[in-house]
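Chain letters run A, B, ... following the sequence lines, proteins first, then strands; residues in each count from 1.
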Amino acid sequence: MDRYEQVTELARRRGFMWPAFELYGGAAGFYDYGPLGAQLKRRIEDAWRGFFVIREGFAEIEAPTIGIEDIFKASGHLSGFSDPLTECKECKEIYRADHLIKHIIEVPDALSDEEIYQVFQDNDIFCPECGGDLSTVYEFNLMFKTAIGPGNKHAGYLRPETAQGMFINYPRLLRYFRGALPFGAVQIGKSYRNEISPRQGVIRLREFTQAEAEVFIDPRDKTHPRFDEVKDIVMRLYSQAGQERGEVEEMTVGEAVEKGIIAHQTLAYYVARTYQFLQAVGVARDRLRFRQHKADEMAHYAADCWDAEVLLDRLGWIELVGVADRTDYDLKSHMALSQARLTVFVNYDQPVRREKLVIKPDMKSLGPRFKGQAKAIAEALKSLDMKELKGEGPIAVQVDGETVEVERELVSFEMVEEEIRGEELVPHVIEPSFGIDRILYTVLEHSYYEEMVEEEPRIVLRLLPRMTPVDVAVLPLMDRPELTAPAREILEALRSAGYLTDYDTSGSIGRRYRRNDEIGTPYCVTVDYETIEQGTVTIRDRDSMRQVKVKKEDLLGTVSGLLCCTQRFEDAGVAVSP
RNA sequence: GCGGCUGUGGUCUAGCGGUUAUGACAUGAGCUUCCCAAGCUCGUAACCCGGGUUCGAUUCCCGGCAGCCGCACCA
């Protein structure tokens with residue numbers, strides 16, 4: 001049994017997660033989170049909010065999970081998010097149609113399905129497996145389609161990423177942030193992709209949770225004001241060049257930017273924050289690296305993209321996070337389709353002064369004289385240059401193919417000096433995009449430990465404090481009224497203080513410790529006869545299995561200190577000798 | 001989607017054309033002043049779904065679903 005199996009089995013058995021719809025046989029690509037899993041997921045999401053909403057000051061929004069057709073026309077998901085497929089008529093093998101003609105056509109993506117099929121016929125392309133005839137080419141779109149309202153007039157699609165919700169709300173977000181760059185918006189929520197063949201449990205789902213941030217920045221300046229805070233962090237980078245050499249390099253964030261390995265400070269800054277976040281939720285540092293997308297796998301809109309990848313036992317290196325510079329691709333696409341202006345006015349450091357020729361046709365005279373033609377004549381006059389204006393005699397302009405003469409005194413002009421304070425530009429977007437389900441699985445796998453204690457295997461989930469689905473368990477040594485009564489008081493006190501607290505009287509104390517080890521409960525509080533006689537309780541540490549005794553009154557303070565890591569367990573109370 | 005293998009209580013598993021379908025662990029109730037999966041008593045709980053063959057199918061056959069492996073796919 002490998003680690004993947006051990007972890008998924010534990011997750012199923014103890015209530016973290018399991019395949020959905022089991023009652024009816026199931027459907028691949030969907031998972032349920034159970035009581036512990038839902039809690040753990042929430043804690044991961046809250047930790048993420050701590051990093052991006054609280055510490056970066058980004059705004060969290062919540063957009064619909066169903067999008068209308070125009071959004072995905074603009075984003076490119078409608079055309080680009082589908083793959084052209086073809087099927088062998090003999091052996092029923094399915095192929096990516098464009099892959100079969102790669103050696104003939106340089107950019108097969110540009111062809112329509114019919115054109116690809118034509119290429120098959122012109123070049124005698126048959127099934128690579130059995131040589132059979134290939135079917136016509138059809139599109140398989142990875143978006144789930146639905147209808148909005150009755151009838152089929154108004155198509156809707158389940159969103160394949162949360163990002164678009166931020167892009168299409170750009171004008172309101174810009175206003176919310178008082179019209180100035182940089183600013184960021186985030187969204188945590190479900191996204192949907194109708195994968196052809198989902199495998200690997202929770203790693204490839206048809207419905208999954210994303211946490212995405214879209215950081216809108218000034219395209220002319222991709223430095224980051226807080227870069228100093230992260231520049232000395234050492235990370236394992238697997239750059240494009242490194243991948244060609246098969247070599248992962250350790251270097252500081254600052255060095256990576258200086259050497260041009262990471263494109264710019266802002267991208268590097270979020271790569272570094274991603275690194276910190278993943279460790280803060282319990283991803284093992286020594287099984288984490290950042291891999292740069294190779295030029296050919298980079299999405300068409302991205303300028304640079306780095307994936308956080310983790311090493312998993314059965315699955316190898318798996319992508320958890322993508323940090324991409326999406327440039328102005330998305331805003332420009334939405335601008336083109338919606339006709340809305342998705343720009344920002346950016347002030348120059350210094351206003352620019354420049355001379356400008358202002359031409360004022362005398363409309364009072366031109367209007368009555370030329371009637372309907374007047375407007376066109378005025379426009380023609382305005383486009384004259386200084387030389388033409390300064391000439392002698394009547395001015396001749398071409399309007400609707402005929403030449404019209406206008407007296408020179410009907411056009412006044414002057415050079416004025418104007419001050420330009422800034423310009424409208426389309427922001428660039430830096431996108432850190434997190435797959436929450438994959439992170440959750442990784443945290444479970446990287447926290448999983450097995451050890452032998454007195455010839456018995458002990459399974460421990462070494463989750464970090466505050467990431468656990470249960471903070472503390474209250475355990476009466478025995479299920480007797482004289483012990484359960486004070487235990488219940490302690491339970492209530494801990495719950496009132498806001499801790500996720502479990503209460504368990506069933507089975508022997510050792511068995512209950514093991515149960516809690518398996519779900520990662522960091523501390524167990526045991527109530528025994530000394531609690532009655534001396535007013536003390538025992539706190540037991542998950543990782544060391546050591547115990548200390550503390551006064552009942554001090555319990556709340558001690559537990560809170562232990563859980564936020566300001567209190568060392570060794571100093572938390574009177575050690576109990578094993 | 002294709003091919004191969006697999007599907008029995010919560011978990012791991014035995015087994016068979018006719019049984020009251022094993023066993024272990026887990027779990028529930030109880031007993032035991034019991035700090036690391038202790039012991040004892042008594043419980044709860046399963047043949048993936050649908051068709052076919054048969055007097056009778058959990059067992060054989062076909063289809064579906066799911067899992068694993070390989071291929072393809074993974075913006």
Identify, with sequence neighbours excluded, every residue that meets side chain to side chain donor-acceptor pair (under 3.5 Å) alongside [X].
X	value
Asp32(A)	Trp18(A)
Glu195(A)	Arg204(A)
Lys551(A)	none
Arg291(A)	Gln243(A), Glu297(A), Glu309(A)

Listing time: all N or O pairs from protein to nucleotides 43-45 of chain B that are below 3.5 Å?
none

Do any pairs count as a side-chain hydrogen bond (donor to acceptor under 3.5 Å, both in side chains) and have a residue in [range], sequence neighbours left out, and if so which ones?
range	value
residues 7-17 of chain A	Glu9(A)-Arg13(A), Arg13(A)-Glu518(A), Arg14(A)-Glu518(A)
residues 519-530 of chain A	Glu482(A)-Tyr529(A), Tyr513(A)-Thr526(A), Asn516(A)-Thr521(A), Asp528(A)-Thr531(A), Asp528(A)-Lys549(A), Glu530(A)-Lys549(A)
residues 430-439 of chain A	Tyr33(A)-Asp437(A), Glu212(A)-Ser433(A), Arg326(A)-Glu431(A)

Show me the protein contacts with nucleotides 33-40 of chain B, counting only N or O atoms at under 3.5 Å.
| unit_1 | atom_1 | unit_2 | atom_2 | d |
| --- | --- | --- | --- | --- |
| U33(B) | OP2 | Arg480(A) | NH2 | 2.6 |
| C35(B) | O2 | Tyr513(A) | OH | 2.6 |
| C35(B) | O2 | Gln547(A) | NE2 | 2.3 |
| C35(B) | N4 | Asp528(A) | OD2 | 2.4 |
| C35(B) | N4 | Thr538(A) | OG1 | 3.4 |
| C36(B) | O2' | Arg514(A) | NH2 | 3.2 |
| C36(B) | O2 | Arg514(A) | NH1 | 2.7 |
| C36(B) | O2 | Arg540(A) | NH2 | 3.0 |
| C36(B) | N3 | Arg540(A) | NE | 2.9 |
| C36(B) | N3 | Arg540(A) | NH2 | 3.2 |
| C36(B) | N4 | Arg540(A) | NE | 3.3 |
| C36(B) | N4 | Met545(A) | O | 2.6 |
| A38(B) | OP1 | Arg511(A) | NH2 | 2.6 |
| A38(B) | OP2 | Ser508(A) | OG | 3.0 |

Protein and nucleotides 68-70 of chain B: nitrogen or oxygen contacts under 3.5 angstrom:
| unit_1 | atom_1 | unit_2 | atom_2 | d |
| --- | --- | --- | --- | --- |
| C68(B) | O3' | Arg314(A) | NH1 | 3.1 |
| C69(B) | OP1 | Arg314(A) | NH1 | 3.3 |
| C69(B) | N4 | Arg199(A) | NH2 | 3.2 |
| G70(B) | O6 | Arg199(A) | NH2 | 2.6 |

query = Looking only at heavy atoms, what is the nearest atom pair of Pro476(A) and Tyr503(A), with distance?
reply =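 Minimum heavy-atom contact is CG-OH, 3.7 Å.
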
Below 3.5 Å is the cut-off: list the nitrogen or oxygen pairs between protein and nucleotides 9-14 of chain B, distance only.
| unit_1 | atom_1 | unit_2 | atom_2 | d |
| --- | --- | --- | --- | --- |
| U11(B) | O2' | Glu9(A) | OE2 | 3.0 |

Contacts under 3.5 Å, N or O only, protein and nucleotides 4-8 of chain B:
none

